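Read through the structure below, which is laid out as structure tokens, and then see the notes.
Everything quoted here is computed from the prediction, not taken from an experiment. Proteins come first, then strands; the chains are lettered A, B, ... in the order of their sequence lines, and each starts at number 1.
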Amino acid sequence: MSNEKILLLDGNSLAYRAFFALPLLTNEHGIHTNAVYGFTLMLQKIMEEENPTHMLVAFDAGKTTFRHSTFGEYKGGRQKTPPELSEQFPYVRKLIDAYGIKRYELEMYEADDIIGTLSKQADANGQQVVIVSGDKDLTQLATENTTVYITRKGITDIEKYTPAHIEEKYGLTPLQIIDMKGLMGDASDNIPGVPGVGEKTAVKLLKEHGSVENLYGALDTVSGVKLKEKLVANEEQAKMSKTLATIETSAPIEVTVDELTYSGPNMEAVVEIWKELSFRTLLEKSDFVAEEQEMTELNYNVLDEIDSSILKDQMALHLEMYDEQYHTSELLGIALSDGEDSYFIKGSTAFQSDVFCKWLEDDSKQKFLSDSKATQAVSRKHGVSILGTEFDLLLAAYIVNQSISSGDVSTLAKEFGNYNVWTDESVYGKGAKKSTPELEKLAEHAARKAQAIWQLKPTLEEKLKENEQFALYKELELPLASILGTMESDGVKVDKQILVEMGHDLEIKLQSIEQDIYALAGEKFNINSPKQLGVILFEKIGLTPIKKTKTGYSTAADVLEKLASEHEIIEQILHYRQLGKLNSTYIEGLLKEIHEEDGKIHTRYQQALTSTGRLSSINPNLQNIPVRLEEGRKIRKAFVPSQPDWVMFAADYSQIELRVLAHMSEDKNLVEAFNNDLDIHTKTAMDVFHVDAEDVTSDMRRAAKAVNFGIVYGISDYGLSQNLDITRKEAATFIEQYLNSFPGVKEYMDDIVRVAKQKGFVTTILNRRRYLPEITSSNFNLRSFAERTAMNTPIQGSAADIIKKAMIDMAGRLKDENMQTKMLLQVHDELIFEAPPEEIALLEKIVPEVMDTAIKLLVPLKVDYAFGASWYETK
DNA sequence: CTCTTCACG
DNA sequence: ACGTACGTGAAGAGT
């Protein structure tokens, strides 16, 4: 008996298992990773448990095997390997190589046969063998020395087949498993067996007769007329099936067991693959990486004051805040790093140093930051404007890959291969347990961030240049960050009194509607609870549910509107909802956000969040202040200029997305329509309905408008039918008519999807990217969604590029003209300013001019503007 | 912490 | 046949 242990793995079978057991995961480049990930987990677990001295992973080679000459339809009718899995096999092989494990495949033979041949050899040598597969056929190889592990549900749950276990489970010997397969067949390999004989019958027959051959030698003794008939009719097939199910144990392989020695992984190579595939959990858990992390030396000093000698011409700078809301958060300290040495200065003491403040304001001293907008905003709060922002890790990372999961330095650093930063959560804790750590810990945490920012600059800049996105980052996003920071810091004045009064009115109305609803329902309930409301409407009152959600009846507005004629309670509920929303989100919500000191609201723009390149606005969201309904629109009366007699000035792009579409598709009809400044919805209606301009009814224009929206969103007949409340067929006709009238648009849409499939991403006018891994998915839903996104993102994203460029130009122009006017808000296609009255005339000239010429398109851009005493009046 | 609803472009 | 319009954030309910 040898103390060697041979581990033989069925590579194809395990990769398949992993693939179907785990959800489809992808890395940032859209490569699917779930099979590789699952395979890795299996490998890790089994090696840890078994401690093998020899290892081999066997693969199937090619499509045909010697079994096909016995039976042409062997494995016939099998579904093609999904492309999401096929693309992962090269990585599985690379991974096995990195682990230092031998792998083998052989023309005309399956992985089973390689494993069978080797296990027989090893068995003869008296070596211990463990076979791992997801395929139960392999259990025929079990012997006293050989155990067969078959994966059960999931990826790490395993059933161990020894001869004893097989005896217990089926009452058969391992070799009789072959006979069992011969009789019952195997649907997945298309092995026919004897029709009508399943596992139960097969086992019973084999217990009596021992083997297929013996059974057919003694057919007379088989009880049951039907069964006997079936056996007689399928004798040839049964014998052939047995042959097919038999694993070859003397395949002409060119490796021997002795060559399979396993001497441990090359962890560096393994980690390299993990990084490439973004296996974050494994990387974090890995001792190797942890060691690597420990090995990194960090020279950092905690300073009480700043000495001019530490301030270099280039430095990474990080302001450590207690929480994300940097407008109000406590400043915990400042970290600096020059790549060699790092420093930490507690609290805001650094800002008391003249040397430091001068350094910050010196344009020739380059600062490397992460989230320059936040850094500058906090510094501004301490009376210092940072100049010389040379690098912003957050923005660079976002441009390289829009799907970065979070903005903290640790996450960003990990994303690009730097594991030397602790997560904020591990330092501060989370939820109620969140607290500031002791000084040393805090200092090292912040210093590590500064050092990582320093180290990552070259990596990120190289990637940006490689992708031809350096200009987008350096000339658009980076300068925009400063402008947004100023807008945030300036804030917008909100008249508290107006909101409070509106709130009182709303409360009174709400109470009255509430009473009406209770009376109509015959009982009190929580109107804000869709669950309780559903019970009242669809069970108590007996209305017909139109739509369901995962959790019950849908009570969404579009559903209720269809029921409005059925019962008068519906109208009341819709009104209650509308007013309730105004009161809770906009009155109470906004009141909570007004800063005591200045009576202003300071939203935060998230510049590295959306997948299209738009901004988003939080705490509070000022990009969704009501406008469509008059009752809500009144909220805008509370948004007023910060100085007496000043006015609010708002300018918006008209139809920017359709103009972008005209530009990108170069559709003649659409380009001409904009060049002639036609009403685009009326023009669309004329083409879709084949009527003259004067015969376009308001309904036709409304439908045309919906079609235009649909085109921008990535058209689908279903979506349009829902929006217009028409049948899918009618919607499909509209779309067809549209695409006939605008053939360039159709061509563009087809092209963009094709390009997305080929490259894996789509781009905007300024070369912003969005990766769309799911566009090649075999899942219809995922694929369709990605296709619509491919059509929409270049349009929405290019529109975002344009207004961002306009904001930079606008800020420059206001400065050049020495104006007092302040840019306050951006709402995707509009800019809101506050201005002294004497500057209005100039604004009327320069705002449209600057916005129109931000980026030159094939068609003109059009800007509408208005001004008044409050945001409400800018219409 | 997820789901539903609803506000905006 | 599949079952969806694109992009966001906030509030309230209920697990």
>> Any base atoms under 4.0 Å from A:Val712, or only sugar-phosphate, or nothing? Heavy atoms, all strands.
In response: nothing
>> Could you check whether the side chain of A:Arg770 and the base of C:dG7 have a donor-acceptor pair of N or O atoms closer than 3.5 Å, going by distance alone?
In response: no
> Can you tell me the Watson-Crick or wobble partner of C:dG14, both distances under 3.5 angstrom?
Replying inline: B:dC1
> Does A:Gln722 make a side-chain N or O approach to OP1 or OP2 of C:dG3 shorter than 4.0 Å?
Replying inline: no
> For A:His595, does the NE2 atom have more than 12 heavy-atom neighbours from other residues, nucleotides or ligands under 6.0 Å away?
Replying inline: yes
>> Looking at A:Ser617, I'd like to know whether one of its side-chain N or O atoms comes within less than 4.0 Å of OP1 or OP2 on C:dT8.
In response: no
>> If you compare every side-chain N and O of A:Ser784 against the phosphate oxygens of C:dT4 (OP1, OP2), does one of them come in below 4.0 Å?
In response: no
> Is there a Watson-Crick or G-U wobble partner for C:dC2 with both distances under 3.5 Å, and if so, which one is it?
Replying inline: none
>> Is it the case that the base of B:dC3 and the side chain of A:Lys550 share a donor-acceptor contact (distance under 3.5 Å, atom types as modelled)?
In response: no
>> Under 3.5 Å, is there any donor-acceptor pair linking the side chain of A:Arg614 to the base of C:dT8?
In response: no
> OP1, OP2 of C:dC6 versus side-chain N and O of A:Ser716: anything below 4.0 Å?
Replying inline: no
>> Quick check: any donor-acceptor pair below 3.5 Å linking the side-chain of A:Gln796 to the base of C:dC6?
In response: yes
> Taking only N and O in the side chain of A:Gln826, is any of them less than 4.0 Å away from OP1 or OP2 of B:dG9?
Replying inline: no
> C:dC2, C:dG12, C:dA5: which one has an atom nearest the side-chain heavy atoms of A:Phe780?
Replying inline: C:dC2
>> Please tell me if A:Arg728 has a side-chain N or O lying less than 4.0 Å from either OP1 or OP2 of C:dG3.
In response: no
> Once you round to the nearest 0.5 Å, how far does CD1 of A:Ile775 lie from CG of A:Leu772?
Replying inline: 5.5 Å
